[in-house]
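Just so you know, ligand 1 is whichever comes first in the structure, and atom 1 is the first atom listed for that ligand.
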Amino acid sequence: MSALSREAADAVLMPTYKRYPVAFARGKGFYLYDESGRPYLDFVAGVAVTALGHAHPDVTEAIARQAGRLVHTSNLYYTEPMAQLAEALTRLLGWDDGRVFFANSGAEANECALKLVRRWMARRYGPGTKTDTIAAWGSFHGRTMATLAATGQPAKWEPFAPVPAGMVHVAYDDARALAAAVTPATAGVLLEPVQGEGGVVVPGPGYLPAVRQTCSAHGLAMMLDEVQTGLGRTGEWFGFQASGTDAVPDVLSLAKALGNGLPIGACIARGELATAFGPGDHATTVGGGPVVCAAALAVLQVIERDKLVARAKRVGDHLQRSLGRLVERHELAVSVRGKGLLVALQLGADRARDIALAALSEGLLVNDVGPAVLRFCPPLLMGEDECDEAVDILDKVLAKIEGPLP
Ligand SMILES: Cc1ncc(COP(=O)(O)O)c(C=O)c1O
């Protein structure tokens, strides 16, 4: 797409994104290609979505096969891929009594979780009695009105006030603050195991287990938003599994990697919550359609077959070590943090966008997840050599941006 047609696109698209100045025509593996055929090494993966990289043959084959057979029926009827995917997800979690609602995005999966918990509480205590959700400052849960209200970044929801009431925010990684915020009106807690959009914030190891204890002690629903952390990203199948069995949630939401780019979200619940909705309580016309579910089944099979969860941990550790070189060599690079292949480079100044733009012109995709934070969330297939290649490019970019050493 030429500069002119980018202008034409801007003229007809709502200006909700500050897009990078490039248009991609195709992708293969960990590379995206612009229209001139120039490759870009992809450490963004469509914001932690294309876990298997671009045009993965197994996913492409599953989509094509299913698209040629049956694309849509609505949820008025049963279809095989949806049932198989629900079975696969509950099996992965080891939740014998688990049940799944399929949505079309991460926000919708979280919206479903919030509604489910209210429905459960309404059944137990009557409607309007226990309605509140405790969430964390710095969190990101989506852009629908309720998930926006849950998002702990006031700048994102203030322009849309009033957003739905009943969201209480506390400091992230502070289990005491969370316990102190519980009131008789509290219904549940919604947290990310690692805050992704908030700048890759990894809580201490005791945090989620302590939150689990608080939820159990007060009869609250523990909802974990694993839209970004789920399906291998953090070096575990699910982010909460870093705490073994001490932080198992009641409700878990997934999206992003599940469809490797096709629109799908899943809200998974166990125990009494699994059957809290009745017919008519929640719905979607196209959610859980045969094509997206067939693609998601292929995604799960490849992650399992190719042992990508362990790989994400190994390569992620390597990436963090490799980025550490930048911290040693550049004043602007301050620290590295993350888990598995969800990694951030903290900068000492608000130059993340400048660096991402300079990296783009060198053929590397990284994104600025905050003014002074660069995020790396590549496909889980990414290897050590590509990590080193990306760090070499950033080394060059940082040297250029910092200017000649005195
Ligand atoms: C943790 C988390 N939850 C929810 C969402 C929203 O997902 P979607 O954009 O698919 O609605 C995101 C998106 O970045 C996310 O990172």
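Compare Gln228, Glu197, Lys256 by their heavy atoms: the one nearest to atom 13 (C) of ligand 1 is in Lys256. Taking each of Ala107, Gly239, Pro193 in turn, the one with a heavy atom nearest to atom 11 (O) of ligand 1 proves to be Ala107.
The backbone N or O of Ala51 lies less than 3.5 Å from a partner atom in the side chain of Asn260, making a donor-acceptor pair.
Between the side chains of Ser216 and Arg212, at least one donor-acceptor pair of N or O atoms lies under 3.5 Å. Side-chain contact, Thr284 with Asn104: a donor N or O sits under 3.5 Å from an acceptor N or O.
Residue contact check: Gly106 has heavy atoms under 4.0 Å from atoms 7 (O), 8 (P), 10 (O), 11 (O) of ligand 1. Short contacts between ligand 1 and Asn110, defined as distances under 4.0 Å to a heavy atom of the residue, involve ligand atoms 3 (N), 4 (C). Per-residue contacts place Phe140 under 4.0 angstrom from the following atoms of ligand 1 (heavy atoms of the residue considered): 1 (C), 2 (C), 3 (N), 5 (C), 6 (C), 12 (C), 13 (C), 14 (O), 15 (C). Under a 4.0 Å criterion applied to the non-hydrogen atoms of Ser105, ligand 1 contributes the atoms 10 (O), 11 (O). Atoms of ligand 1 lying under 4.0 Å from at least one heavy atom of Glu192, given by number and element, are 1 (C).
Taking the six-membered ring where the residue is Trp, Phe240 and Phe238 present parallel rings, their angle staying beneath 30° rather than reaching 60°. The aromatic rings of Tyr172 and Tyr207 sit perpendicular to each other, their planes meeting at more than 60°, with 30° as the lower class boundary. In this pair, Tyr40 and Phe24 present their aromatic rings perpendicular. The plane angle is above 60°, beyond the 30 to 60° band.
Salt-bridge formation is detected for the pair Lys400/Glu362: a Lys NZ or Arg NE/NH1/NH2 atom is positioned less than 4.0 Å from an Asp or Glu carboxylate oxygen.
Distance check for atom 9 (O) of ligand 1: every protein heavy atom is found at 4.0 Å or beyond.
Annotation: atom 3 (N) of ligand 1 to nearest protein heavy atom, Asp225 OD2, 2.7 Å.
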